[in-house]
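To start, the structure itself, in structure tokens.
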Protein chains: 2
Amino acid sequence: MPTNKKKTQVTASPERRRELLATAAEVFAAQGYNATTVRRIADEAGLLAGSLYYHFDSKESMLDEILSTFLNELWEGYDAVLAAGLGPRETIEALVTESFREIDRHRAAVAIYQKESRHLAALSRFGYLTESQQKFEKAWLGTLERGVAAGAFRTDLDIRLTYRFVRDTVWVAASWYRPGGGHSPEEIARQYLSMVLDGIAVRE
Amino acid sequence: MPTNKKKTQVTASPERRRELLATAAEVFAAQGYNATTVRRIADEAGLLAGSLYYHFDSKESMLDEILSTFLNELWEGYDAVLAAGLGPRETIEALVTESFREIDRHRAAVAIYQKESRHLAALSRFGYLTESQQKFEKAWLGTLERGVAAGAFRTDLDIRLTYRFVRDTVWVAASWYRPGGGHSPEEIARQYLSMVLDGIAVRE
DNA sequence: TAACCTACCAAACACTTGTTAGGGAAGGAT
DNA sequence: ATCCTTCCCTAACAAGTGTTTGGTAGGTTA
């Protein structure tokens with residue numbers, strides 16, 4: 001026998017899995033996870049509800065795979081940035097740019113993450129969400145603190161407020177961003193960084 | 001007979017209604033509307049599921065009342081600001097401050113609004129959500145354009161991107177804000193405005 | 001040809017959901 | 001003492017939920 005697989009799904013082509021997960025992610029993002037029925041996903045994918053269980057253990061495991069795949073890719077990019085040894089301002093710029101690239105690639109997953117991660121974190125299966133969020137906070141807050149110490153960022157701001165500000169401004173973009181909509185991720189990142197770093201008011 | 005009331009709920013004290021709506025809003029905000037069962041709300045309020053239908057027509061009408069009450073109060077404040085004839089920068093400052101006050105007063109409703117408004121807007125019953133959103137965009141975008149024309153705001157930014165940026169930075173605060181948590185709404189508004197207007201970077 | 005594997009369907013299962021109907025206890029008004 | 005109003009409970013309903021079981025068409029392999 002080959003290497004032990006999951007219980008239900010004995011054999012399956014990875015391509016078909018990805019297809020189904022993509023449509024599932026789209027529906028989850030549009031309707032919300034709980035409001036989405038397994039039959040709706042099947043409809044959208046062109047098969048019947050029960051047939052999904054040939055590919056996946058459960059509705060929850062679909063969500064799990066969508067989110068963990070996204071987070072893994074995200075941290076690949078983040079870790080590369082954090083390991084590059086850049087200065088605080090350049091690190092922030094690189095993190096923001098990388099974030100918008102991830103939104104471009106995984107906008108459905110990001111939207112789901114934002115809507116559901118809070119109450120999903122309560123389930124032990126999704127414990128990695130809390131881990132990721134802590135690692136995230138450590139990276140961003142640490143960089144901001146480095147920047148304040150190095151004189152790159154203002155000292156008169158509450159640093160935790162600043163952190164939440166920067167974090168939120170980046171990720172809520174997933175709620176309105178549509179790929180191929182005039183602005184490239186890099187272009188959006190540039191404008192966002194310009195606003196966050198220098199403000200929208202005219203200098204005297 | 002007294003003035004005609006709704007179908008089911010013949011008589012009821014407005015105070016009790018508000019109590020129940022408050023706990024319902026809290027649960028909706030924490031778990032999401034669809035993930036919240038009517039039994040869970042009843043549990044939290046200390047009565048049984050069926051008893052809620054003495055006070056309300058349906059689960060949906062609870063949500064409706066929560067959101068419309070919030071939006072009515074919000075527009076009371078906004079309209080006052082917009083009618084004051086302030087300059088663009090002062091208008092933005094006043095709108096942001098007012099927004100944080102509303103988050104302070106209706107944080108549960110705001111959280112619900114953010115999570116659910118997108119797909120609720122599809123239902124004709126919640127058509128006022130779309131109306132409100134359009135009015136909202138008109139007010140903010142208009143003020144920003146006025147500011148650009150008057151030389152108060154930068155001209156090199158995409159104005160719609162700026163609008164979404166300012167809008168989102170304000171309202172996502174509802175996801176982490178907790179009343180009585182050190183910062184007053186006015187204090188948070190001051191810091192947010194400082195970041196949005198002048199940026200977080202140190203000036204040369 | 002026969003055996004096998006992949007990917008699906010058809011039909012049902014147990015359970016949860018929002019909602020309703022009828023009743024009753026407490027208390028004020030008559 | 002009787003009635004009425006307010007507020008809740010008990011008990012059930014029908015529809016919709018995620019999931020399972022057994023079967024099967026069509027291609028690949030032996």
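These numbers were taken from a predicted model, which means no experiment stands behind them. Order of the sequence lines fixes the chain letters, A, B, ..., with proteins taken first and strands second; residue numbering starts at 1 for each chain.
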| From the list D/dC9, C/dC8, D/dT19, which nucleotide is the closest neighbour of the side chain of B/Leu48? | D/dC9
| note | A/Glu145 meets the side chain to side chain donor-acceptor pair (under 3.5 Å) criterion, sequence neighbours left out, with none
| request: Would you indicate which nucleotide in C/dT6, D/dC7, C/dT19 comes nearest to any side-chain atom of A/Tyr54? | output: C/dT6
| With the threshold set at 4.0 Å, does a side-chain nitrogen-carboxylate oxygen contact exist between A/Glu137 and A/Arg167? | no
| said: How bent is the helix from C/dT1-D/dA30 to C/dT30-D/dA1, measuring the angle between the end axes built from five pairs each, rounded to 10°? | reply: 10°
| task | For B/Glu98, check side chain to side chain donor-acceptor pair (under 3.5 Å) against everything at least two apart and list the hits. | result | none
| query | Once you round it to whole Å, what is the distance between C1' of C/dT19 and NZ of B/Lys59? | reply | 12 Å
| N or O in side chain of B/Ser51 less than 4.0 angstrom from D/dC9 OP1/OP2 | yes
| query | What residues in residues 27-44 of chain A put a non-hydrogen atom under 4.0 Å from any atom of DNA chain D? | reply | A/Thr36, A/Thr37, A/Val38, A/Arg39
| field | Counterpart residues, ring pair (Phe, Tyr, Trp, His ring centres under 6.0 Å), relative to B/Tyr192 (two or more places apart) | value | A/Phe165, B/Phe100
| note | A/Glu60 atom CD is separated from D/dG18 atom C1', nearest whole Å, by 11 Å
| query | Got a sec, which residues hit salt bridge (Lys or Arg N to Asp or Glu O under 4.0 Å) with A/Asp43, two or more places apart in sequence or on another chain? | reply | none
What's touching nucleotides 22-28 of chain C from the protein side, N or O pairs under 3.5 Å?
none

| task | Enumerate the residue pairs fulfilling salt bridge (charged side-chain N to carboxylate O under 4.0 Å, His left out) with a member in residues 66-75 of chain B, sequence neighbours excluded, ordered by first and then second residue. | result | B/Glu73-B/Arg105
| request: Could I get the full list of salt bridge (Lys or Arg N to Asp or Glu O under 4.0 Å) partners for A/Lys135, not counting sequence neighbours? | output: A/Asp79
| task | Sequence neighbours left out, what pairs pass salt bridge (charged side-chain N to carboxylate O under 4.0 Å, His left out) with at least one residue falling in residues 111-127 of chain A? | result | A/Glu60-A/Arg125, A/Asp64-A/Arg125
| request: Sort and list the pairs that fulfil side chain to side chain donor-acceptor pair (under 3.5 Å) and have at least one residue in residues 24-39 of chain A, not counting sequence neighbours. | output: A/Glu26-A/Arg107
| query | How many Å lie between CD on B/Glu15 and C1' on D/dC7, as a whole number? | reply | 14 Å
| Atom OH of B/Tyr53 and atom P of D/dC9: how far apart are they, to the nearest Å? | 15 Å
| request: Could you tell me which residues satisfy side chain to side chain donor-acceptor pair (under 3.5 Å) with B/Asn72, sequence neighbours excluded, listed by chain and number? | output: none
